[in-house]
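These notes are about the structure you will find just below.
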Amino acid sequence: MSDQDNELTRRDVIKLGAAATAAVSLGVGHAEAQARVGGFLTDSELAMLDELSEIIIPTDNHSPGARAAKVAAFIDSQLAEAWEEKDRTDFRTGLALVERLSTDMNSAPFMRSSPEQRLAVLTRMAQNESKPEKPEEQFFKDLKGRVVYAYYTSEIGIKQEMEYKGNTYQTEFAGYDVSKQ
């Protein structure tokens with residue numbers, strides 16, 4: 001599989017938006033993932049994932065960020081239900097890489113580092129996002145994809161960030177009327 005196969009393209013984002021729209025319309029979401037029953041990650045790993053997610057999609061003046069959308073809980077539930085043990089192992093190894101990189105850069109674990117130091121760790125991991133070579137760069141690419149998917153399929157991502165209003169009544173036909181030829 002090439003690196004291009006792993007990249008999130010504009011078309012993929014549109015597909016995610018369409019899937020998220022359908023999920024909201026059907027009342028499907030990941031609110032049930034908010035409960036921590038049967039999760040995979042430890043509390044400290046979940047806290048780190050929550051912080052990493054918020055750095056990737058922070059709260060801004062337009063909409064709440066990944067923390068408010070409970071992205072970490074959703075990713076944790078996905079990992080708990082993953083078919084392949086390798087998915088869980090790789091993710092846990094990736095979180096350990098974040099800790100090691102933080103310790104190397106800041107002489108402190110990730111969660112004990114300052115916000116600026118945490119951002120520097122993530123920036124270092126993201127430097128080769130288009131062609132990740134190191135394991136921590138590959139983990140960042142995977143992490144970002146999971147965070148984006150979880151956020152844009154959450155109610156906050158769909159309704160507040162993308163401002164989806166749901167199906168709306170149209171007073172007139174918006175397409176081309178072939179009967180008037």
Side-chain angles (χ1 to χ4, degrees), residues 5-84 86-92 94-95 98 110-111 115 118-119 121-123 125-126 129-130 138-175:
D5 293 336
N6 290 329
E7 293 204 17
L8 192 61
T9 64
R10 185 171 148 259
R11 179 166 284 167
D12 292 333
V13 172
I14 291 169
K15 287 178 186 176
L16 280 173
T21 301
V24 168
S25 299
L26 297 172
V28 177
H30 54 75
E32 60 277 356
Q34 314 308 321
R36 187 78 171 96
V37 179
F40 166 70
L41 299 172
T42 66
D43 289 342
S44 61
E45 289 170 333
L46 186 66
M48 182 193 302
L49 175 56
D50 189 49
E51 182 64 20
L52 289 164
S53 300
E54 185 67 16
I55 294 170
I56 292 171
I57 302 181
T59 297
D60 60 21
N61 60 1
H62 177 69
S63 60
R67 182 169 290 130
K70 303 207 182 308
V71 164
F74 179 72
I75 293 171
D76 184 34
S77 70
Q78 284 187 318
L79 290 169
E81 297 175 359
W83 287 92
E84 300 290 330
K86 183 179 183 322
D87 294 337
R88 290 186 284 273
T89 304
D90 288 352
F91 200 84
R92 184 162 274 151
L95 291 175
V98 174
F110 185 77
M111 294 302 287
R118 292 176 188 176
L119 181 59
V121 169
L122 215 59
T123 301
M125 292 171 60
E129 184 179 358
S130 61
Q138 185 60 46
F139 176 69
F140 175 78
K141 188 172 181 174
D142 176 52
L143 173 66
K144 183 179 174 185
R146 288 176 185 268
V147 168
V148 167
Y149 176 80
Y151 184 77
Y152 286 103
T153 57
S154 73
E155 187 170 348
I156 287 173
I158 294 168
K159 292 184 177 178
Q160 293 181 40
E161 174 65 22
M162 296 190 329
E163 299 180 12
Y164 176 70
K165 306 287 189 244
N167 295 332
T168 57
Y169 178 75
Q170 295 184 358
T171 57
E172 62 184 54
F173 181 67

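Just the heavy atoms: all of them, side chains too, but no hydrogens, waters or symmetry mates, feed the values below. Worth saying up front: this structure is predicted, and the values here are computed from it rather than measured.
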If I take atom [atom1] from residue [X] and atom [atom2] from residue [Y], how far apart are they, to the nearest 0.5 angstrom?
X      : Y      : atom1 : atom2 : answer
Glu45  : Asp50  : CD    : CG    : 13.5 Å
Ile55  : Leu143 : CD1   : CG    : 10.0 Å
Tyr152 : Glu161 : OH    : CD    : 4.0 Å
Lys141 : Ser130 : NZ    : OG    : 7.5 Å
Ile156 : Lys70  : CD1   : NZ    : 8.0 Å
Phe139 : Met125 : CZ    : CE    : 5.5 Å

Asp60 side chain to Ser63 main-chain N or O, any donor-acceptor pair under 3.5 Å? yes

Taking Asp76 for the side chain and Leu41 for the main chain, is one N or O donor matched with an acceptor at less than 3.5 Å? yes

Restricting to non-hydrogen atoms, name the atom on [X] and the atom on [Y] that form the minimum distance, rounded to 0.1 Å.
X      : Y      : result
Ala69  : Tyr151 : CB-CD1, 3.7 Å
Met111 : Met48  : SD-CA, 3.7 Å
Phe40  : Arg92  : O-NH2, 3.1 Å
Leu52  : Phe110 : CD2-CZ, 3.5 Å
Gly65  : Glu54  : C-OE1, 3.6 Å
Val147 : Val71  : CA-CG1, 4.0 Å

Would you say that [X] contacts [Y] through its side chain, given a criterion of any heavy-atom pair below 4.5 Å between the two side chains?
X      : Y     : value
Glu163 : His62 : yes
Asp142 : Asp90 : no
Arg146 : Leu79 : yes
Ser53  : Leu49 : yes

Would you please test Ile56 and Phe140 for side chain to side chain contact (heavy atoms under 4.5 Å, CB included) and show each step? CA-CA 10 Å; Ile56 292 171; Phe140 175 78; 4.2 Å; yes

